[in-house]
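This report refers to the structure that appears directly beneath it.
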Amino acid sequence: MSLPKSGGLSLALCAAVSLAITGSVQAAVTTGPEVTPAVQHDTLHSLRGVMPRPDDFAKNSHAHPAHPLPFIDGPGNQTDGAVQGSPTGSFAPALGAGFDGVGQGFSGPQGTFTVNSAPPDTNGAVGATQYVQIVNSAFAVFDKSTKAVTYGPVTTNTLWSGFGGPCEADNDGDATVVYDKAAGRWIVSQFAVTAAPYYQCVAVSATSDATGAYYRYAFPYGSIFPDYPKMGVWPDAYYETFNMFNGNTFAGAKLCAYDRNAMLSGAAATQQCFQLSSSYGGVLPADLDGATAPPAGSPNYLMNFGASSLNLWKFHVDWANTANTTLTGPVSIPVASFAAACGGGTCIPQSGVSQKLDSLADRLMFRLAYRNFGDHESLVVSHSVKVGTTHKNPYTGVRWYEVRSPGGTPVVYQQSTFSPDTSYRWMGSVAMDKVGDMALGYSVSSSALHPAIRYTGRLSSDTPSTMQAESSIIEGLGSQSGNNLSRWGDYSAMTVDPVDDCTFWYTTEYLKSTGSFNWNTRIASFKFPTCQ
């Protein structure tokens, strides 16, 4: 398959989009996106009818190289200006039934999973009756009520069986799953990057059944590596963002929109993309939560962070006339001072081993969750920051934000860094229920603690910029060691049940015993009793 090249147009777009005006909306409007069709699309009539070969998991290697972003948060020794050093008196809501997801030894109808790479890239989404969890090379479908696995574990490229080309042949990971609540559809995407030309493989379910039919697509990206893809659902498109690398050189974030309406029916679809300059990386698209759509005609909101600031873009896509598609921004939104955890690198200690873990603090953490409350719009997101006040003890915490009025003049309505003790907290994910309660999940570790999974939350009536006391999802029984293995998580996922719009579901990794390439994952749910 031949691929169109972006040529000189993207360089002009880089220059236009890279201009930021602190605290104000950039006047320039970027027009003329790169427009490319999916090079292939078809229909898988039933995922249930696809039986993976039993040796599929063994075909993947341990290699999952890191592609760190340039240091973009300014001086590395900023004192955190929003530390919540002690929780409020209340405890986060009681945990519902937790259960193991895909990990070492996990078994289901299609076989037993063997860990073959790290980190797990754990994420998941909740639908009408099912929960779908994806790790970097495999996925499984769970019954939401019984918590039983009903399909899987299978390699993620099982979704592209019979499709042909790299989408079927490769199983390269970095997969995500999101649930389109308005349409009742699952969207699974995974890159195919074993060799150039590179693709993003996207599958949209034909119904709300994650084991049924799928419409499948392959979108092209040429010879520039599309790393760390993240998706958000919006009424006018499925938005996907990438960190682009030319070899080992960071080339900037790429912001793309896929034609949602076409993909919901399995029709031919195009993508429209803007390439940012190398000044911007780790951009997340807004992902719609709740039953209320954004105001008519609203652009998708996209965000990353800079030096004690958040950057916000607005992406308006026009499928009828691509000349009307625009990207505006960024708006630079000042936030409380912070420095990236571990300087963006590796410093998280673990009990019983010398191996330190990666903070992945050079980017915002999945998801950028959007909700329209009618009288206001909110975006919530988190990232990992340094908390310790001395160079010798720079432990880490989870910084979270609620940004309101993204469609007008965006403001930080509330923010804080959750760090109730000197343990290291990182790899967070945050979301909001329909009444404005918030839940934040994350990993916790220290020299006296195996990596654990914990969470906190807040009621909408709580004092702004505070979280309640911490609760545990599961305490790890081992630490990651051997093979100089520092990678951890890469992302986790806090999502909200679309049926009651109250129940939070969270998934991330932990270990049952000390070792390497032996990770496990956990899935848990909970809700605030005041959300009815």
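Just so you know, residue 1 is the first one in the sequence shown, and it goes up from there. All figures in this text were calculated on a predicted structure; none of them were measured in a lab.
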Pairwise distance [atom1]([X]) to [atom2]([Y]) - rounded to 0.5 angstrom:
X      : Y      : atom1 : atom2 : result
Leu47  : Leu159 : CG    : CG    : 5.5 Å
Phe191 : Asp172 : CZ    : CG    : 6.0 Å
Met244 : Leu255 : CE    : CG    : 10.5 Å
Phe504 : Ser525 : CZ    : OG    : 11.5 Å
Tyr214 : Met263 : OH    : CE    : 13.0 Å

Examine the side chains of [X] and [Y] and answer whether a donor and an acceptor come within less than 3.5 Å of each other.
X      : Y      : answer
Tyr442 : Glu470 : yes
Asp180 : Tyr238 : yes
Asp209 : Gln130 : yes
Gln133 : Thr521 : yes
Thr155 : Asn157 : yes
Thr514 : Ser479 : no

Exercise for the section: Under the side chain to side chain contact (heavy atoms under 4.5 Å, CB included) rule, what do Met365 and Leu360 come out as? Steps first, then yes or no, please. Expected result: CA-CA 9 Å; Met365 291 284 94; Leu360 208 70; 3.7 Å; yes
Less than 4.5 Å apart, any side-chain heavy atom of [X] and any of [Y]?
X      : Y      : answer
Leu357 : Gln350 : yes
Tyr424 : Ser384 : no
Ser419 : Gln84  : no
Pro498 : Val126 : yes
Val154 : Phe139 : yes
Asp437 : Ser460 : yes
Trp160 : Asp170 : no
Phe250 : Asn243 : yes

[X] to [Y] - nearest heavy-atom pair and separation:
X      : Y      : value
Ile348 : Cys342 : CD1-SG, 3.9 Å
Gln480 : Arg487 : NE2-O, 2.7 Å
Ile473 : Ala524 : CG2-CB, 3.7 Å
Tyr131 : Gly124 : OH-CA, 3.5 Å
Val430 : Val380 : CG1-C, 3.9 Å
Asp227 : His67  : OD2-CB, 3.1 Å

Practice task
Kindly assign one of parallel, tilted or perpendicular to the pair His383 and Tyr401, based on the angle between their ring planes and the thresholds 30° and 60°.
Solution key: parallel
Practice task
Sorted by first residue and then second, give each salt bridge (Lys or Arg N to Asp or Glu O under 4.0 Å) pair with at least one member in residues 140-162; sequence neighbours left out.
Solution key: Lys144-Asp497
Problem - Residue pairs involving residues 504-518 (criterion salt bridge (Lys or Arg N to Asp or Glu O under 4.0 Å); sequence neighbours excluded) - result: Asp100-Lys512
Measure from the side-chain N and O atoms of [X] to the backbone N and O of [Y], and report whether any donor-acceptor pair falls under 3.5 Å.
X      : Y      : result
Asn372 : Ala293 : yes
Ser351 : His450 : no
Thr507 : Arg522 : yes
Asp490 : Pro119 : no
Thr456 : Gln468 : yes
Glu168 : Gly162 : yes
Thr211 : Arg48  : no
Ser465 : Ser416 : no
Arg185 : Leu264 : yes
Ser205 : Trp186 : yes

Practice task
Could you walk me through whether Tyr395 and Asp421 pass the side chain to side chain contact (heavy atoms under 4.5 Å, CB included) test, one step at a time?
Solution key: CA-CA 9 Å; Tyr395 55 94; Asp421 56 38; over 6 Å; no
Exercise for the section: Give a yes/no verdict on a cation-pi contact between Lys230 and Tyr491, requiring under 6.0 Å between NZ or CZ and the six-membered ring centre and an angle within 45° of the axis. Expected result: yes
Problem - Passing candidate, side chain to side chain contact (heavy atoms under 4.5 Å, CB included) with Cys531, options Leu459, Val496, Asp433 - result: Asp433
Exercise for the section: Determine, for Glu240 against Lys254, whether the closest basic-nitrogen to carboxylate-oxygen distance falls under 4.0 angstrom. Expected result: no
Practice task
In sequence, state the C-alpha distance, the side-chain angles, and the governing distance for Tyr217 and Tyr258, and then conclude on ring pair (Phe, Tyr, Trp, His ring centres under 6.0 Å).
Solution key: CA-CA 10 Å; Tyr217 298 83; Tyr258 302 142; 8.6 Å; no
Flag the pair [X] / [Y] as yes when their ring centroid distance falls below 6.0 Å, and as no otherwise.
X      : Y      : value
Tyr221 : Phe242 : yes
Tyr455 : Tyr506 : no
Phe338 : Phe305 : yes
Phe106 : Trp519 : no
Trp234 : Tyr301 : yes

Practice task
Please assess Ser445 against Trp426 for the test side chain to side chain contact (heavy atoms under 4.5 Å, CB included), listing each intermediate value before the final yes or no.
Solution key: CA-CA 9 Å; Ser445 189; Trp426 85 111; 3.8 Å; yes
Exercise for the section: Would you check, one step at a time, whether the test salt bridge (Lys or Arg N to Asp or Glu O under 4.0 Å) holds for Asp80 with Arg399? Expected result: CA-CA 9 Å; Asp80 194 286; Arg399 170 68 70 86; 3.1 Å; yes
Practice task
Give the C-alpha distance, both sets of side-chain angles, the deciding distance and a yes or no for side chain to side chain contact (heavy atoms under 4.5 Å, CB included) between Lys356 and Ser486.
Solution key: CA-CA 6 Å; Lys356 302 292 179 64; Ser486 63; over 6 Å; no
Donor-acceptor contacts, no H, no angles, side chain residues 281-288, under 3.5 Å, sequence neighbours left out:
from: Asp287; atom 1: OD1; to: Val233; atom 2: N; distance (Å): 2.9
from: Asp287; atom 1: OD2; to: Arg367; atom 2: NH1; distance (Å): 2.7

Practice task
Have a look at Ser378 and tell me which of Gln414, Glu402, Arg371 forms a side-chain hydrogen bond (donor to acceptor under 3.5 Å, both in side chains) with it.
Solution key: Glu402
